[in-house]
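A short worksheet on the structure shown next.
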Amino acid sequence: MPKIADNPARAALTPDPGRWKALVFIALAQLMVVLDATIVNIALPSAQQDLGISDGNRQWVITAYALAFGGLLLFGGRIADLWGRKRTFIVGLAGFAAASALGGAATGEAMMLGARALQGAFGALLAPAALSLLAVTFTDAKERAKAFGIYGAIAGGGGAVGLILGGFLTEYLNWRWTFFVNIPFAVVAAVGAYLVVREPAGGRNRSPLDVPGVILSTLGLVALVYGFTRAESEGWSDAGTIGLFVGSAVLLLAFVATEARVKSPLLPLRVLADRNRGGVYLSLGLAVIAMFGLFLFLTYYLQVVKGYSPVRTGFAFLPMIVGMITGSTQIGARLMTRVPPRLLMAPGFLTAAVGMLLLTQLEIGTSYAGLILPAQLLLGLGMGTAFMPAMSLATHGVDPRDAGVASAMVNTSQQVGGAIGTALLNTIAASATTAYLTDHAAGATTPAAQKLLQLQGMVEGYAAAIWWAVGILAVSAAIAFAFITTGKPGSGVVAGSGTDVDDEVRIPVVAH
């Protein structure tokens, strides 16, 4: 990731005349990545049916992407510094397009899950390279703030576009087009980047790669998420499940020990040692655990229980996206220089928890306008209000050489939280559904009654999992209030360089 302060002479460079054209192609790549995160949620029920993916494994379509992306994001940022950001950006686009083609052509569960993991891996190359390119392309502080504002707005709006586009493609063409649509985005962005983007010389970090750190962190995270997934089918007391959790703990502890000793660590521990940054990473990661599971449940509730079409489902999610954008731009952004961050983050998470609490009342005949819409608005407003100061605070006071890894850690905590959340809450929902069906099976003696029982069991499972999400958001609010003790931020300094060189990390990547 960029370390602008390490090269004071860079400020004297003549601005790249093609920088605004470069922004178009870099933002297009970001739009593709954000689209993919939401578009697949809408297509998942159709893809699951066509490919014969079990209910227990369906969350891996989301989890495989999130885990690969989150687990390799720090490594991707390091590769960009080593290879060169433009080269890494183009390679990431090409790989993402190829993986999307593989997913669209999938003939079975294994092929689909492999394609999603590859998408996540190449996305982990693409995202930090894009941020780095923007930072080195826009050297003027005011222009850089404007460029990253546009980049962040596209990332936020992309979620809404993905939900609607996913619905149209699934309903009027085929779920496979939710993958194929990435290919023209990637081709245009890659060709444009090759022709337009210019990367200043001398900006690479040629320190040796921390290979043990990459291996230990990735394996530890995979074991952790697979442990949650296995618990659904085999139980929490199963020897294999317990073994995965123990193995994950050992691997992640070994990762921390390794990072403390190596000369060029993948994740310098000083980044995590700061109380405020640690509070941001932990509270955001927990909040995303709650949000990712909810996206999966609401998609299935609306399509399977309520009978919504994919297009209608996409539009049904818009209140949450509108709430997020409003909370972020009209509440969080306006107040974050006036009040301490914890007085935005803690109330924001609590507001989201209230919205989640409303959704615990879901029933088969629940009114969309009467319950689901206001719940989504509260969720969006709360999360948007909390995320904006969190993004800024995550790199506040950090050493300039660590600004990139601190920014990447925000996205890592979100992606890993999403992977764990999807697996954990899906496990809780499936267990509650099974228990409900077992208790009430004797009363369902006709086909109609059995179908009604199945739907009621699904809703009971979702409600049980959403109760856990409420508790997780409440814990996020408590962590934000207790750990984040810094006062209101100053008017420009984000990193600890003493200058306004790190504006670009104010809006790293909007969560999805």
Side-chain angles (χ1 to χ4, degrees), residues 66 70 73-74 156 221 224-225 252 267 269-295 320 323-324 327-328 331-333 335-336 339-357 378-398 405-422 424-425 466-489 494 505-512:
L73 191 60
L74 293 172
L221 293 171
L224 180 64
V225 175
L252 293 177
L267 174 61
L269 298 183
R270 58 183 173 269
V271 173
L272 301 177
D274 179 83
R275 174 175 179 161
N276 292 291
R277 281 196 298 276
V280 167
Y281 299 148
L282 186 56
S283 61
L284 276 184
L286 287 172
V288 173
I289 285 178
M291 291 299 294
F292 262 61
L294 179 68
F295 273 122
M320 188 183 299
M324 285 183 177
S328 177
I331 302 175
L335 295 180
M336 71 180 192
V339 301
R342 67 176 180 171
L343 296 186
L344 286 174
M345 290 181 63
F349 289 138
L350 287 177
T351 301
V354 172
M356 198 75 78
L357 186 63
L378 285 171
L379 278 163
L381 282 171
M383 296 300 279
T385 300
F387 271 35
M388 177 56 84
M391 293 297 187
S392 176
L393 183 60
T395 48
H396 182 76
V398 73
V405 74
S407 177
M409 265 302 299
V410 178
N411 301 306
T412 300
S413 65
Q414 290 175 29
Q415 293 297 330
V416 173
I420 293 173
T422 305
L424 173 62
L425 296 182
I466 291 171
W467 270 111
W468 279 76
V470 172
I472 291 170
L473 284 171
V475 171
S476 294
I479 289 172
F481 191 80
F483 278 70
I484 299 171
T485 57
T486 186
K488 61 182 181 179
V494 178
V505 294
R506 282 189 179 277
I507 311 176
V509 175
V510 174
H512 39 76

Return the CG to CZ distance between N276 and R342, rounded to the nearest 0.5 Å.
9.5 Å
Would you say the side chain of W467 lies within less than 4.5 Å of the side chain of M356, judging by non-hydrogen atoms?
no
Which heavy atom of A469 sits nearest a heavy atom of L425, and at what distance?
CB-CD1, 4.3 Å
State, to 0.1 Å, how close R277 and R270 come at their nearest heavy-atom pair, and which atoms those are.
NH2-O, 3.5 Å
Closest contact, heavy atoms only, V470 versus L357:
CG2-N, 3.6 Å
In chain order, what residues pass the side-chain contact (heavy atoms from CB on, under 4.5 Å) check against L381, with sequence neighbours excluded?
T326, I331
Value for CH2 (W468) from CG (L424), rounded to nearest 0.5 Å, stands at 7.0 Å
Interatomic spacing from CG in L350 to OG1 in T385 - rounded to 0.5 Å
12.0 Å
Identify every side-chain donor-acceptor pair in residues 471-482 under 3.5 Å, counting partners at least two apart or on other chains, and give the distances.
from, atom 1, to, atom 2, distance (Å)
S476, OG, S283, O, 3.3
S476, OG, A287, N, 3.3
S476, OG, I472, O, 3.2

Considering all heavy atoms, the nearest I484-P341 contact:
CG2-CB, 4.3 Å
